[in-house]
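Beneath this line is the structure, given in structure tokens, with notes to follow.
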There are 2 protein chains.
Amino acid sequence: MGRRTGSGRIGIADVALKAGVSHATVSRVMNGNFTVDPAIAQRVRDAAAELNYQPNPVGRSLALGKTDTIGIVVPDLANPTFQAILRGLSMAAAQDGYRVLIADSSEVSSEEAILAGEARRRCDGLVLCAPRMGDAELEELAPSLHPMVLINRSTTESRVPSLEVDYSQGVQELAEHLVDLGHTSIAFLAGPARSASNRARMAGLDKFRAAHPGVELRMLEGGSSFETGHEAVDEVLASGATGVLAFNDLVAMGLLSGLHERGVRVPEDISITGFDDIPFARYTTPPLTTAAVPITELGEHAWHSLRALIRNAEAPEEESTFQPRLEIRGSTGPLAK
Amino acid sequence: MGRRTGSGRIGIADVALKAGVSHATVSRVMNGNFTVDPAIAQRVRDAAAELNYQPNPVGRSLALGKTDTIGIVVPDLANPTFQAILRGLSMAAAQDGYRVLIADSSEVSSEEAILAGEARRRCDGLVLCAPRMGDAELEELAPSLHPMVLINRSTTESRVPSLEVDYSQGVQELAEHLVDLGHTSIAFLAGPARSASNRARMAGLDKFRAAHPGVELRMLEGGSSFETGHEAVDEVLASGATGVLAFNDLVAMGLLSGLHERGVRVPEDISITGFDDIPFARYTTPPLTTAAVPITELGEHAWHSLRALIRNAEAPEEESTFQPRLEIRGSTGPLAK
DNA sequence: ACGTTTCGAGAAAACGCTTTCTCAGGATTC
DNA sequence: GAATCCTGAGAAAGCGTTTTCTCGAAACGT
């Protein structure tokens, strides 16, 4: 086309001109190619330094066919869990010279496919974080997104590594813990219906129920936020449960706060557990008993899987499951007589 | 060069071939150029749909000279404040079809210049968030980063809008609030020395001190994390202050937690204030009195400024100051006799 | 001293697009 | 009916790199 030649920024041509060599030679020097005369190389480096030349990454990406960037799509950037994954991913990727592009679907599952596709095209790989889309759509989308790694979701597409947290196991351990403390009436304050991790918790509780016929276990509708927990106080109290398994730490904290306002003592009157062990969990009053998920590490791991995929186009299939670790703190205890 | 022609992905050439037209026509159709015969346009669209063609954004970026991406560099992605800014920015930018690339300097100020430069080259604009670098370096860097907007920092470079929170005013209001409650011995648990916002708070407290000669105000060394607050308990108690202005909500929460462990009652024995009004602040026990900063909105505003800069290469200089709003909750009160 | 390798650097193609330039063919005008 | 104006689409240039091709010159061996 030829809008205006000699755009504002200085390019490889300017350096070449100044050093009295060709584009090609400048490129070779900038990329540490040693088939260039040391004296000339130095002249090029001087010219580059003097002009403060920095190669244009877009041109580079086009020529090289890679962007040194990966994308992550999350359902909600306000959620501490996704923030932590993003952080782990970003730190780990930065270590290897990769940047990360974020996309937030705002829990709108119909946006996910579009965002994921766009991000993927701009990047060398993708991390799809707890997608809310249906299984069928995920199956269909997966091949076109490769290389990609899934978090808290899986697919039959064999090239897609899947990193999952064993919510089923975690919630069972929390429930067991309550039983050990003598609780026989337990309530589960559930998460969003679309959430796969909520379904996993449900499945875990089914197992628990089968193993403990004597324990009464009620399911309560809920959500994933503070507000959910805060608003659920009445329902929880009405249920008569003495132990409550909140969907996650946020919900547990909202509940804690609501109970405190009502003058209900924790854990004397009622025990509360969370899930995730977000940084704040240990600083609530009382500190929250929860199932610790190594979230940041999960983000790190996601990068390592993705890196493998990007490097060897054929990386080994992988299915990692992260086991939550029971973190017993002050929000659970035996019922005070 | 000619590595292998016909890379895996399908490109504009494939569509052109299938539709029996030239590259140019496909491009025109894809970009909604109406100088194309409707019948041919339809043929192209059909071919594109059938091949599931999506233009390669890198090629597009190179030709168009824009990436539809902006960068943000933050000192620490673990900090809720920066997370909120990122979120506000990301949501607002997405609304206009822009993506965001993140860079975390991990509080290493020497990394900032490099990260900022790299991000800027890959993007159409940059948000530099509370940079830790020195004033001189910031001055020097600013022109090369344009278009850029600064958060919680300013520069003499006129083209750089600067969005600042009036920490000075906020901390004064918090201090006044404590005085109104009858406190005459106050401590400030300071933040990181390199932080410009900490210096702003210090300046505010100098004014406060001048206006209230009768009030005793002590400065305590601190930091910006939970741990800082938690570890400062002894020092705070030793100071004899009955009102504590914590650097931010995180520090305040750590302090709250530490005091609770010691059996010190808040606010009966000591009043605590935070700063920022992070989402968790209202759910502590007692809920935290703090100065609410509209952080997410700040991120949004950053996008709007940056957008203006990107659109008109010559946007009006701008200096926005955000006023914190006093949020009085349960962590402050009169001293119990 | 001459043919053969080796070496180093420039020319040019390629990456995948957008857009200007150009030009054939049909519509319009006198 | 010929000169002129549109219209629409292909050819080609350009975005800023990297890399292959190519080729002159220097180095080598006999």
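Below, chains carry the letters A, B, ... as their sequence lines are ordered, and counting in each starts from 1.
With sequence neighbours left out, A:Asp76 forms a side-chain hydrogen bond (donor to acceptor under 3.5 Å, both in side chains) with no residue at all. For A:Glu107, the salt bridge (Lys or Arg N to Asp or Glu O under 4.0 Å) criterion is met by A:Arg132, not counting sequence neighbours. Looking at residues two or more places apart in sequence or on another chain, you find no side-chain hydrogen bond (donor to acceptor under 3.5 Å, both in side chains) involving B:Ser110. B:Arg121 is linked by a side-chain contact (heavy atoms from CB on, under 4.5 Å) to A:Arg9, A:Gln54, A:Pro57, B:Glu118, counting only residues two or more places apart in sequence or in another chain. Applying the ring-ring contact (aromatic ring centres under 6.0 Å, His included) rule to A:His301 yields the partners A:Phe322; only residues at least two apart in sequence or on another chain are considered. A:Tyr98 is linked by a ring-ring contact (aromatic ring centres under 6.0 Å, His included) to A:Trp303, counting only residues two or more places apart in sequence or in another chain. Every residue two or more places apart in sequence or in another chain that forms a side-chain contact (heavy atoms from CB on, under 4.5 Å) with B:Arg43 is listed here: B:Val21, B:Ile40. In this structure B:Thr35 satisfies the side-chain hydrogen bond (donor to acceptor under 3.5 Å, both in side chains) test together with B:Asn33, sequence neighbours excluded. Scored by the side-chain hydrogen bond (donor to acceptor under 3.5 Å, both in side chains) test, A:Glu157 finds A:Arg159 as partners (sequence neighbours excluded).
If you measure from atom NE2 of A:His23 to atom P of C:dA11, you get 9 Å, rounded to the nearest angstrom. Regarding A:Asn31, its CG atom lies at a distance of 17 Å from the P atom of D:dG16, rounded to whole Å. Rounding to whole angstrom units, NZ of residue A:Lys66 and C1' of D:dT19 are separated by 15 Å. If you take CD1 of A:Ile12 and P of D:dC15, they are 14 Å apart, rounded to a whole angstrom. Protein atom CG of A:Leu17 is 15 Å distant from nucleotide atom P of D:dG16, rounded to whole Å. Between the CZ atom of B:Arg122 and the P atom of D:dG16 there is a distance of 16 Å, rounded to whole Å. One atom, CD1 of A:Ile10, and another, P of D:dT17, lie 9 Å apart when rounded to the nearest Å.
B:Asn33 comes within 4.0 angstrom of no nucleic acid atom, judged by non-hydrogen atoms across all strands.
With hydrogens and angles left out, the side-chain atoms of B:Glu164 and B:Thr321 include no donor and acceptor closer than 3.5 Å.
Near DNA chain C, meaning a heavy atom under 4.0 Å from it, residues 42-61 of chain A has no residue at all.
Where the helix from C:dA1-D:dT30 to C:dC30-D:dG1 starts and where it ends, the local axes point in directions that differ by 50°; five pairs per end, rounded to 10°.
Ion pair A:Arg153/A:Asp135 flagged as a salt bridge, since at least one NZ, NE, NH1 or NH2 atom sits closer than 4.0 Å to an Asp/Glu carboxylate oxygen.
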If you restrict it to nitrogen or oxygen atoms, what contacts under 3.5 Å exist between nucleotides 4-9 of chain D and the protein, and what is each distance?
from  : atom 1 : to      : atom 2 : distance (Å)
D:dA9 : OP2    : B:Asp37 : N      : 2.8

